[in-house]
Amino acid sequence: MSGDQALRVAAEAGIHCLALPTPFLVGRVNAYLIEDDPLTLVDTGPNSGSTLDELDVGLRALGHTIADLELIVITHQHIDHLGLLEILVRRSGAEVAALDRLAPYLRDFGAGAAADDRFASAIMAQHGVPADVITALNSVGASFRAYGSSAEVTRPLRDGDDLELGGRRLRVLHRPGHSPSDTVLWDQERNMMLAGDHLLAHISSNPLITRPLEGAAPDAERPHALLDYIASLRATRELPLELVLTGHGTPVTDHVALIDERLRLHDRRAAKLRSMLADGPLTAYEMALRMWSNVAVTQAYLTISEILGHMDLLVARGQAIERRDGAVTRFAAL
């Protein structure tokens, strides 16, 4: 089944994809209108005038307006998925549903995003990223916060809950990894899932090392995002799905084959990093430079997260060790 055919199947089930523009490298983000009772929008796109305009046009093409929205569901905490939330709630009076653990973050997005940036800065410094790169990336992060927004979650969702709409029941499943708050909605009757960025057809979801939703204690162990993500992928692999509606790009119609390929990809990347340690211990930043030759400032935290994720995989398998060496952490092969 092609991507267009998959979207037609979804539309016949009352779920319409609205591909909205973003100012980010990832390109367009998919929001989904579920024509049901209540009229539901899953994700919003970033807080941008062009995004709002295209959302308005897309809703009108389906016979609705922003004011008609009755429920907005947020799949996770990234700005390209929640940025218009405050504006849409103000214009429509819609309820807001999100993972219960995400509610405090959405209540004050600015404070949460600033805390995320401080956490990321500490991770980068510990793993060898130069101070000037960290400073430049912090400036970029601060400018991006304007694309986010805050709102009160009026319908907190717990892992395993059912979100009841008039014509369907969506099982709420927490699938951390890409972010700590990744949430998918599984329609068991139709073998269909709204997956946000948990699973994407053409790119591998980057498991970012992210500050825990509950905050990070000073002596807490660093989050292991890739290990969490692999566990989440394995759980999703077991579901009887025919169609996965994704947060970017085209739908997934064979989730088992795609997840198996993603798992093999992570194994290959981990093996390549382990080979780099043959000549001695390295920081994550040193490994990033060896793998990509040059690390763009805007991509520094993405690349460090990728290196750390795969080193966590090697440590968990007993193939590498992580140890503090003065102010920085280095990895060595076992």
Side-chain angles (χ1 to χ4, degrees), residues 16-34 40-59 64-99 101-117 120 137-155 157 178-183 185 194-198 200 205-206 208 210-211 213 245-249 298 301-302:
H16 304 275
C17 180
L18 302 168
L20 304 173
T22 81
F24 312 121
L25 287 175
V26 73
R28 288 182 175 263
V29 61
N30 295 332
Y32 292 92
L33 183 73
I34 305 178
T40 300
L41 183 70
V42 178
D43 288 339
T44 72
N47 183 15
S48 151
S50 59
T51 306
L52 182 61
D53 288 344
E54 288 206 25
L55 175 61
D56 182 55
V57 170
L59 291 174
H64 305 286
T65 68
I66 289 173
D68 296 333
L69 296 174
E70 297 171 297
L71 176 65
I72 301 171
V73 182
I74 298 299
T75 62
H76 65 293
Q77 66 205 69
H78 292 161
I79 52 179
D80 53 333
H81 292 262
L82 60 78
L84 285 175
L85 182 57
E86 187 173 355
I87 292 173
L88 298 183
V89 169
R90 187 167 66 246
R91 292 193 181 184
S92 67
E95 286 197 85
V96 177
L99 188 71
R101 295 170 55 196
L102 183 59
Y105 189 94
L106 290 179
R107 188 175 297 121
D108 191 345
F109 170 82
D116 288 347
D117 287 348
L137 190 55
N138 280 338
S139 298
V140 174
S143 67
F144 278 177
R145 282 178 220 153
Y147 291 108
S149 68
S150 302
E152 190 70 30
V153 173
T154 57
R155 294 183 64 173
L157 306 173
H178 172 65
S179 82
S181 56
D182 273 37
T183 308
L185 304 172
L194 290 146
D197 287 358
H198 168 59
L200 302 176
S205 302
N206 194 316
L208 285 171
T210 305
R211 180 179 64 95
L213 290 171
L245 299 171
T246 62
H248 300 274
T298 55
Y301 198 58
L302 293 174

| query | Does the pair E70 and E95 meet the rule for a side chain to side chain contact (heavy atoms under 4.5 Å, CB included), with working shown? | reply | CA-CA 6 Å; E70 297 171 297; E95 286 197 85; over 6 Å; no

Are the side chain of [X] and the backbone N or O of [Y] linked by a donor-acceptor pair below 3.5 Å?
X    : Y    : value
T51  : N47  : no
S205 : D197 : yes
N30  : T246 : yes

Answer whether the closest heavy-atom distance between the side chains of [X] and [Y] falls below 4.5 Å.
X    : Y    : answer
H198 : T183 : no
L33  : L59  : yes
F24  : P46  : yes
I79  : R145 : no

| Closest contact, heavy atoms only, S149 versus E86 | OG-N, 3.2 Å

| request: Compare every heavy atom of L20 with every heavy atom of A31, then report the nearest pair and how far apart it is. | output: CB-CD1, 4.0 Å

Euclidean distance, [Y] [atom2] relative to [X] [atom1], rounded to 0.5 Å:
X    : Y    : atom1 : atom2 : answer
L99  : D182 : CG    : CG    : 9.5 Å
D56  : I66  : CG    : CD1   : 4.5 Å
S48  : D80  : OG    : CG    : 12.0 Å
R90  : L84  : CZ    : CG    : 10.5 Å
R155 : L71  : CZ    : CG    : 5.5 Å
L55  : L88  : CG    : CG    : 6.0 Å

| From V42, V29, T22, T44, residue fulfilling side chain to side chain contact (heavy atoms under 4.5 Å, CB included) relative to H81 | V29

| task | May I ask you to check whether H64 and H16 place their ring centers less than 6.0 Å from one another? | result | no

| So, do H178 and H78 have ring centers that fall under 6.0 Å from each other? | yes

| query | Near F109 CZ, under 6.0 Å, is it more than 12 heavy atoms from other residues, nucleotides or ligands? | reply | yes

| query | Yes or no on side chain to side chain contact (heavy atoms under 4.5 Å, CB included) for V140 and Y301, after CA distance, side-chain angles and deciding distance? | reply | CA-CA 12 Å; V140 174; Y301 198 58; over 6 Å; no

| Chi angles and distances behind the side chain to side chain contact (heavy atoms under 4.5 Å, CB included) call for Y32, D43 | CA-CA 7 Å; Y32 292 92; D43 288 339; over 6 Å; no

| task | Under the side chain to side chain contact (heavy atoms under 4.5 Å, CB included) rule, what do T40 and L69 come out as? Steps first, then yes or no, please. | result | CA-CA 6 Å; T40 300; L69 296 174; over 6 Å; no

| message | With no hydrogens and no angle check, just 3.5 Å: does a side-chain donor-acceptor pair link S50 and D53? | response | no

| request: Examine the side chains of S181 and Q77 and answer whether a donor and an acceptor come within less than 3.5 Å of each other. | output: yes

| query | Quick one: do R28 and E54 make a salt bridge, cutoff under 4.0 Å? | reply | yes

